[in-house]
Number of protein chains: 2
Amino acid sequence: MQMRDVAKRANVSPATVSRVLRQPDLVKKETKEKVIQIINELNYKPNMIASQFRTRETKTILVVVPDITRPFFSEVLRGIEHTALQNGYQVILGDTENRIEREKEYIELLYRKQAEGAVLLTARMDRDSLKELSSQFPVVLACEYMDGLDIPTVSIDNISSARKVTEHLINVGHRKIAHISKGTDVILGKDRQRGYQQAMMSHDLPINPSWVQEGDYDIDSGYKQMVKLLALEDRPTAVFVFNDEMALGSIKAVKDHGLRVPEDIAIVGFDNLPMASFFSPYMTTIDQPKYEIGQKAADLLLRLLKGIFIKRKKIVMKDELIIRESCGFYQKEQLFGEAEKV
Amino acid sequence: MQMRDVAKRANVSPATVSRVLRQPDLVKKETKEKVIQIINELNYKPNMIASQFRTRETKTILVVVPDITRPFFSEVLRGIEHTALQNGYQVILGDTENRIEREKEYIELLYRKQAEGAVLLTARMDRDSLKELSSQFPVVLACEYMDGLDIPTVSIDNISSARKVTEHLINVGHRKIAHISKGTDVILGKDRQRGYQQAMMSHDLPINPSWVQEGDYDIDSGYKQMVKLLALEDRPTAVFVFNDEMALGSIKAVKDHGLRVPEDIAIVGFDNLPMASFFSPYMTTIDQPKYEIGQKAADLLLRLLKGIFIKRKKIVMKDELIIRESCGFYQKEQLFGEAEKV
DNA sequence: CATTTTTATTGAGCCTCTTCATAGACTCGG
DNA sequence: CCGAGTCTATGAAGAGGCTCAATAAAAATG
């Protein structure tokens, strides 16, 4: 069944049916009603592919995620998807499972005109490819980004956030502060590590090189890195961990080692996942507006797709230091994620 | 740039270029090499939409998920996506955010020929719609399902799993066992509740109606329902919770109430999320092979798409009772999710 | 050289949208 | 009151890029 069938039944031309569907204002009221009635009667559904082919618009965006099972990303993804949908766009999911080469596979969808634009939550490909890509297609970076490229980007100020949370540890009296990072190959790893270093330096605190351990996102990894820190001669009294997942692992490692958080070792995380506020000790962390980052990124992409010029390319979202128990400066007990906000 | 440009440059017809791309065996070696060279030279990328239009195949499947931020689903989703990709299919993501009406919106993509088939991780629409849908398009249900319909389905045997875990509680000596469920409007809620009832009945244990509380998936909800149970005159000594998230909330409620798990109240969960094996007390739960469910569902769908007849429509995946600490019968401490398996 | 086999080309769609053309209704000034 | 000019509503026709069936050409075989 196709448009011509509807047209025949309604005694109009296919063009009119098409108009009813896409530019209803151009059609006389009665004709329109007639056509709509027939459409419903026959339960006609336009073939989107034919339409996309003709208009050369797929109304589809690609979202490339490094790991969809991480709560942080799935929340951002939801923000993107929701916004896209509201604006009549579909989302093709590209989970790279942390494999760089898979980024490129997904991106082929742009070159092959399947998707009109992309939001990248991971951008590990080389700078030239990315530059080339963004010169040809609307692309927005979210969370991760790349320096020196003129690509619209949505993220928090990771350096400043990392500095803030490290400084909080310093303010409550810590001097030997370690950092479980995500290697500096990832821009976020680099930024958060830099923030940590800045905070330490500006307070004239030395950083023992072995205090900086490189983890790999997940709970287990946080556990393992913490075990290393615990084994040190010159053991730190506080640790700033790259993200909440690893921070949870770290806390567990401390407990398993017979020590207490925060009394013996303070630990702070990053991201403010739901579970960070649920387990004792409640975790001090940096809140990122995950859903909003997704929304904003989708919003920017949609604007690019409409050809709207974007003056401010770097959108910095507001983060928040959430002080709870794990840093050793907890003020009063509150239930369910409510906490003193700074 | 299009195929004809490549053809011209290579002194062949567009049809030959098309064959090089799609049925290379039909083309003489030299011609093929020549064409490929030109393709690379010009960096030609075929227009997928035109191709899809012509062949009437989009190589795209739709995955409808009730809530992408829940770890259980994102793991299943990954299994689906991975398998789809391996077989040259793309995935359009449909996150309904638990709104039934949004299921239908996504499903329109099938009627409009955008997607060729669908995996539904949620099926709350009315039976007739679903029946109608599956009669017209390849559809596979995963996790949730609907009784009495001849639709391929992948899941564990929820009734038996629930019975198993409840019986374990009985075996370690509990008699007053409560259940925090997900209302019986959802088939999984019904099944797990039934398994619980079966176990209780077959051991002649009475169920106090107020022992069955209806939660809503997340940690907070588990907390709240547990608070209710704790307030009962006739307080249960053990609780079987619908899923791990709510079980974590329940455990927290017990602790906040000044009681211990499992000594005062035993708690068991369902799903075996990574975090279930990480927080003390380590949680006894039912392991579902999440990734494999996704793989299998995608696999079935792909077979349907190829027109292969599927004899066994109901695939029951193997679950596993993972005994850890929270049920009060922990045997020996093991790190990182390793536990006694039954 | 005739016949079979292999390889390449021709041309017709796939279904929808949009431009252009037309016909009718309407406006308005002379 | 009429003809020119405006609008409105519809139709006719073609294009969009690719693939496949039918056809033709070339190569291989006997």
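First the proteins, then the strands, lettered A, B, ... as listed; each starts at 1. In what follows, every heavy atom counts, from backbone to side chain, and hydrogens, waters and symmetry copies are set aside.
Rounded to whole Å, the distance from CD1 on A:I49 to C1' on D:dC18 is 14 Å. Residue A:E57 contributes atom CD, which lies 13 Å from atom C1' of C:dT18 at whole-angstrom precision. Separating the NZ atom of A:K32 from the P atom of D:dT8 is a distance of 14 Å, rounded to the nearest angstrom. Per the geometry, CG belonging to B:D25 stands 10 Å off P belonging to C:dT7, to the nearest Å. Rounded to whole Å, the distance from CG on B:L26 to P on C:dT9 is 13 Å.
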Checklist line | Contact pattern, 5' to 3', of nucleotides 21-28 of chain D - B, S or - by protein heavy atom under 4.0 Å | finding: BB------

Please tabulate, for the side chains in residues 294-306 of chain A, all donor-acceptor contacts under 3.5 angstrom to protein atoms that are two or more places apart in sequence or on a different chain.
residue: A:D299; atom: OD2; partner: A:R303; partner atom: NH2; Å: 3.4

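For A:E116 (side chain) and A:K59 (main-chain N/O), a donor-acceptor pair under 3.5 Å exists by modelled atom type.
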Please produce a list of atom pairs where a protein N or O lies less than 3.5 Å from an N or O of nucleotides 13-15 of chain C.
residue: C:dG13; atom: N2; partner: B:R54; partner atom: NE; Å: 3.2
residue: C:dG13; atom: N2; partner: B:R54; partner atom: NH1; Å: 2.8
residue: C:dC15; atom: OP2; partner: A:Q2; partner atom: OE1; Å: 3.4

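Across all strands, A:S18 comes closer than 4.0 Å to base atoms (heavy-atom distances). B:D5 comes within 4.0 angstrom of no nucleic acid atom, judged by non-hydrogen atoms across all strands. Counting any heavy atom pair closer than 4.0 Å across all strands shown, B:V17 reaches no nucleic acid atom. Backbone-only contact: A:Q23 has heavy atoms under 4.0 Å from sugar-phosphate atoms and none from a base.
Within 6.0 Å of CD on B:Q136 lie more than 12 heavy atoms contributed by other residues, nucleotides or ligands.
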Check: Can you list the steps and then say if A:R70 with A:D218 is a salt bridge (charged side-chain N to carboxylate O under 4.0 Å, His left out)?
Finding: CA-CA 9 Å; A:R70 285 176 50 202; A:D218 60 14; over 6 Å; no

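Side-chain polar atoms of B:E33 and B:Q37 form no donor-acceptor pair below 3.5 angstrom. A donor atom on one side chain and an acceptor atom on the other are not found under 3.5 Å apart for B:T96 and B:R124.
Phosphate proximity of C:dA8 to B:S13: absent, as no side-chain N or O sits under 4.0 Å from OP1 or OP2.
To the nearest 0.5 Å, atom CZ of residue A:R78 and atom OH of residue A:Y291 are 7.0 Å apart. Atoms OH and CZ, on A:Y44 and A:R4 in that order, are 12.0 Å from each other to the nearest 0.5 Å.
Salt bridge annotation for B:R99-B:E97: absent, with no cationic side-chain nitrogen under 4.0 angstrom from a carboxylate oxygen.
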